[in-house]
Amino acid sequence: LKVLLIGSGGREHALAWRLAQSHSVEKIYATPGNPGIANVAECIQAQTIEDQLAVAEARKVDLTIVGPEAPLVAGIVDRFRAAGKAIVGPTAAAARLEGSKAFSKDFMVRAGIPTARYRTVTSIEEARAALEEFGFPVVLKADALAAGKGVIVVRERAEANHSLRLLMGSKLVIEEFLEGEEVSFIVLSDGRTALPLQPTQDHKAVFDGDRGPNTGGMGAYCDSRILGASEYRQIMDAVIQPALDLMVHEANPFTGFLYAGLMMTRNGPKVLEFNARLGDPETQALMFRMSGDFASPLAAAARGDLSGVNLEWHAEPSICVVLAARGYPGEVRTGDIITGIDEAEETGAVIFQAGTRNSEKGLVTSGGRVLGVTASGADLRTAIDKAYHAAGRIHFAGMHFRTDIGARGLKRYAAEPV
Ligand code: AMP
Ligand code: GLY
């Protein structure tokens, strides 16, 4: 297969790295890619959907895989399919499950999928009234795409006005605060059937102990112990299958990766958000744990028939620690020289690149999340130690990272019988 990968982040580097090890893959192209992806793929500067389609046609690409949400919401899948090109991802209409929080919440209610109570408001006055109704803590969500940063948990009344002003657009979703463990549950769908990936846990807040503003994700781990068998069944039966079924029923079938961001509450799993794509940095941990040929299931999903298809996984848990640039998740400084990647990889870790670019000074930072240090181990503790050992060999000015990725898992497993 000749494969085209759309995107330029750490998620796409991890996908490219895994696909490069697939026997059925003969060549990988990436638009636009990044310096890390360039180690395993040919990167081509094509930014618009039309340019990307032209690349797929000129290079006789067999299968296109879309990383980020923006091209999905803009209709890349519709355009490729109309041109007869196989592609993994949802149509623009189906990607509204991620693209619009209001659409997504209304959909969950129609499907009977458990989610937080909420209200959609269109003015500051309405928002204030809703806040009185919900009390504190309460969660504010901007309606449109915000790269994981459009959500604020308002802990007390004094913070409410400031947060409202930050997020109020034409629409705002106000919802009940839920307590529990968060789980990222991602499935690959052919429209009807769901092929689940392993569960992962992301770390959204920028600082240790889940403090500070939300980011796109500061690290993730992948461990089969994240969910018990009955929790897993509940998620498939109460969330995933009802979502896919209602999409079919509403003549809007969902193909590609459906990502349910879940809160495992005392009353069962509740959906915090749907994404229409793989998570970042969840994908880095997932690709590290996956074994076997990932291109075949992807091609089957694009063909619309996942029956009889399986995914294979290593038993060892994996973890990805994000090294972020100075200022992230606010305004970031770029252009800082990165050193130590080769030394870090000598430890057995793999360093996925996200916000990097080549310059005359060598590899430099070019975005908020710069690198994803990814490793696995016989148990979660070992995986964590390996990733941090490797991270210690990397340097760039202003680098910061969380030191507690995976710690919630360790705490939970310590309390459980083996
Ligand atoms: P979202 O983009 O909707 O997943 O929200 C980003 C993050 O905000 C989530 O990963 C949670 O950590 C937090 N969050 C969102 N909604 C809620 C909620 N209803 N209750 C508690 N935390 C939430
Ligand atoms: N890591 C969270 C996301 O990809 O949305």
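Whatever order the structure lists them in is the order used to number ligands and atoms, beginning at 1.
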Run the numbers for me: atoms of ligand 1, each under 4.0 Å from some heavy atom of [X], listed by number.
X	result
Lys141	3 (O), 15 (C), 16 (N)
Glu175	16 (N), 17 (C), 18 (C), 19 (N)
Phe177	20 (N), 21 (C)
Lys204	4 (O), 9 (C), 10 (O)
Glu176	18 (C), 19 (N), 20 (N)

Per-atom contacts of ligand 2 with [X], taking only distances under 4.0 Å to non-hydrogen atoms:
X	answer
Gly216	1 (N), 2 (C)
Asn275	5 (O)
Gly279	4 (O)

(request) Report yes if some N/O of Arg11 lies less than 3.5 Å from some N/O of ligand 2; otherwise report no. (result)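 There is no such contact.
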Selected option - heavy-atom contact closest to [atom], from [options]:
atom	options	value
atom 5 (O) of ligand 2	Arg369, Arg277, Glu273, Glu282	Arg277
atom 13 (C) of ligand 1	Val153, Ile152, Leu262	Val153
atom 11 (C) of ligand 1	Met263, Glu182, Lys270	Glu182

(message) For Gly377, is there any backbone N or O sitting under 3.5 Å from a side-chain donor or acceptor partner on Thr382?
(response) no
(message) So, 4.0 Å and heavy atoms of Ala220: is ligand 2 close enough to count as a contact?
(response) no
(message) Below 30° counts as parallel, above 60° as perpendicular, anything between as tilted: where do the rings of Tyr388 and Phe401 land?
(response)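 Plane angle between 30° and 60°, so tilted.
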(request) Please confirm whether Lys101 comes under 4.0 Å of ligand 1, counting heavy atoms of the residue only. (result) yes
Presence of salt bridge, [Y] and [X], under 4.0 angstrom:
X	Y	value
Glu175	Arg117	no
Arg165	Glu159	no
Asp336	Arg333	yes
Asp210	Arg402	yes

(request) State whether the shortest distance between N or O atoms of Val139 and N or O atoms of ligand 1 falls below 3.5 angstrom. (result)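 Not met; the criterion fails.
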(message) I'd like to check the ring pair (Phe, Tyr, Trp, His ring centres under 6.0 Å) partners of Phe107; sequence neighbours left out, ordered by chain and number.
(response)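 Listed in chain order: nothing, the list is empty.
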(request) Nearest 0.5 Å please: distance from the OG1 atom of Thr265 over to the CD atom of Glu181. (result) 12.0 Å
(message) Can you confirm if the aromatic rings of Phe177 and Phe136 lie within a centre distance of less than 6.0 Å?
(response)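 So the answer is no for these two rings.
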(request) Answer with side chain, backbone, both or neither: which part of Lys204 has a heavy atom less than 4.0 angstrom from an atom of ligand 2? (result) side chain
(message) Testing the 3.5 Å rule here: is there a donor-acceptor pair between the side chains of Thr255 and Arg81?
(response) yes
(message) Can you tell me which portion of Asn214 lies within the under-4.0 Å heavy-atom range of ligand 1? Options are side chain, backbone, both, or neither.
(response)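 Side chain only.
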(request) Specify side chain, backbone, both or neither for Val151, according to which of its non-hydrogen atoms lie closer than 4.0 Å to ligand 1. (result)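 The part of Val151 near ligand 1 is the side chain, not the backbone.
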Listed pairs under 3.5 Å, donor-acceptor, residues 244-252 side chains, sequence neighbours left out:
unit_1: Asp245; atom_1: OD1; unit_2: Gln241; atom_2: NE2; d: 3.1
unit_1: Glu250; atom_1: OE1; unit_2: Arg110; atom_2: NH2; d: 3.0
unit_1: Glu250; atom_1: OE2; unit_2: Arg110; atom_2: NE; d: 2.8
unit_1: Asn252; atom_1: OD1; unit_2: Ala94; atom_2: N; d: 3.3
unit_1: Asn252; atom_1: ND2; unit_2: Ala93; atom_2: O; d: 3.4

